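Here the structure comes first, spelled out in structure tokens, and everything after it is commentary.
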Amino acid sequence: MFGKFITIEGGEGVGKSTNIAFIQSQLESKGIQCLITREPGGTPLAEEIREILIKNRDEIVVSETELLLMFAARAQHLHQKIMPALSEGKWVISDRFTDATYAYQSGGRGVSASNVGLLENFVQGDLRPDLTLLLDAPPEVGMARARGRGQLDRFEEEKSAFFDRVRRNYLSRAAAEPKRFKVVDATQILSAVQRDIAELLRELQAS
Ligand code: TMP
């Protein structure tokens, strides 16, 4: 028995949490057991690494340090939480995964994609998501929402050019892997976003 692994990606404030709750309710209504989790984080140790990563600080955080911390959290999360759940037949829905590392650390910070790929293979072996939903919106839209939530974290403090690079990286990765990586227009009204998501879930269940 092996569950499906779904990851949700997108820039800041694109509505990931609302739509993850929707995905959970859709799947559970069909009798599918789900595990909802997030990155960086998902286990106590990985959540501590998350705090280190998002905290605003005076010291410059070197891109390679950031990259390695992302994968340190991911290794813990994968072995302690994601893989055990999948092998029990649960469907795992993760708020972000390795595509975020390509988008933010490679697209945003400029680390080479091949170095991200090396760590991806090292930490994950051949485990990849079955479906990745990219909730796509122009960074201005999402950042307005993120600002409304209060104090900005170290990533949210970045300039709009950074978020433009993140978005472009996500979109080009989605275009390169259209079978796994589906783009949902997150600027639509919520009911239209959720209609699109429900259709993609039906396709995944049928596959
Ligand atoms: P959040 O959107 O869940 O709050 O994620 C926290 C931040 O971490 C977000 O700004 C994106 C960033 N991030 C990366 O830079 N690389 C990664 O691999 C992941 C998982 C998140």
Side-chain angles (χ1 to χ4, degrees), residues 5-21 23 36-43 45-57 60-78 80-82 92-113 115-124 127-129 132-171 173-174 181 186:
F5 183 26
I6 303 176
T7 60
I8 314 300
E9 299 284 357
E12 313 300 314
V14 289
K16 288 185 287 108
S17 307
T18 309
N19 287 303
I20 285 170
I23 293 169
I36 309 296
T37 189
R38 68 169 180 182
E39 288 214 343
T43 80
L45 171 55
E47 289 288 332
E48 283 186 38
I49 299 173
R50 177 190 177 90
E51 289 309 311
I52 293 172
L53 276 160
I54 68 175
K55 184 178 165 197
N56 286 301
R57 57 182 79 240
I60 288 172
V61 179
V62 172
S63 303
E64 287 75 8
T65 309
E66 188 176 278
L67 173 70
L68 291 165
L69 285 170
M70 289 294 174
F71 272 104
R74 182 160 300 134
Q76 189 68 16
H77 187 210
L78 259 181
Q80 290 299 111
K81 198 163 176 188
I82 296 178
V92 175
I93 300 137
S94 185
D95 182 341
R96 299 192 185 283
F97 193 61
T98 305
D99 293 298
T101 313
Y102 282 101
Y104 283 77
Q105 279 64 55
S106 180
R109 304 276 191 229
V111 171
S112 77
N115 280 338
V116 178
L118 281 176
L119 291 168
E120 179 179 36
N121 291 333
F122 171 57
V123 167
Q124 294 168 222
L127 190 131
R128 300 288 181 276
T132 298
L133 296 178
L134 172 59
L135 299 177
D136 179 58
E140 314 79 82
V141 175
M143 276 315 293
R145 285 192 210 157
R147 266 186 225 104
R149 291 196 293 238
Q151 180 72 42
L152 298 181
D153 67 30
R154 194 171 62 80
F155 290 95
E156 292 164 340
E157 289 280 1
E158 283 295 334
K159 309 249 175 320
S160 67
F162 175 86
F163 294 111
D164 287 336
R165 293 195 297 277
V166 168
R167 184 186 188 201
R168 273 202 302 279
N169 187 289
Y170 269 136
L171 288 171
R173 288 181 60 70
F181 215 138

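Both ligands and their constituent atoms are indexed starting at 1 by order of listing. FYI, the numbering just counts along the sequence from 1. Keep in mind it's a predicted model, so treat the numbers as computed, not measured.
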Salt-bridge contact Arg128-Glu120 (side-chain N to carboxylate O under 4.0 Å):
yes
Step by step, work out the ring-ring contact (aromatic ring centres under 6.0 Å, His included) result for Phe122 and Phe71.
CA-CA 10 Å; Phe122 171 57; Phe71 272 104; 9.0 Å; no
Nearest non-hydrogen partners of Glu9 and Thr98, listed with the distance:
OE2-N, 4.3 Å
For a distance cut-off of 3.5 Å, show me each N or O of ligand 1 paired with any protein N or O, plus the separation.
unit_1: ligand 1; atom_1: 2 (O); unit_2: Lys16; atom_2: NZ; d: 3.4
unit_1: ligand 1; atom_1: 2 (O); unit_2: Arg96; atom_2: NE; d: 3.0
unit_1: ligand 1; atom_1: 2 (O); unit_2: Arg96; atom_2: NH2; d: 3.0
unit_1: ligand 1; atom_1: 4 (O); unit_2: Arg50; atom_2: NH2; d: 3.0
unit_1: ligand 1; atom_1: 5 (O); unit_2: Arg96; atom_2: NE; d: 3.4
unit_1: ligand 1; atom_1: 10 (O); unit_2: Glu12; atom_2: OE1; d: 3.4
unit_1: ligand 1; atom_1: 10 (O); unit_2: Glu12; atom_2: OE2; d: 2.9
unit_1: ligand 1; atom_1: 15 (O); unit_2: Gln105; atom_2: OE1; d: 3.4
unit_1: ligand 1; atom_1: 15 (O); unit_2: Gln105; atom_2: NE2; d: 2.9
unit_1: ligand 1; atom_1: 16 (N); unit_2: Gln105; atom_2: OE1; d: 2.8
unit_1: ligand 1; atom_1: 18 (O); unit_2: Arg74; atom_2: NH2; d: 3.1
unit_1: ligand 1; atom_1: 18 (O); unit_2: Thr101; atom_2: N; d: 3.3
unit_1: ligand 1; atom_1: 18 (O); unit_2: Thr101; atom_2: OG1; d: 2.6

If the threshold is 4.0 Å, N to carboxylate O, is there a salt bridge linking Glu64 and Arg109?
no
Note: Asp136-Arg167 ion pair, threshold 4.0 Å (strictly below):
yes
Heavy atoms only: give me the nearest Arg145-Val14 pair and the separation to one decimal.
NH1-C, 3.3 Å
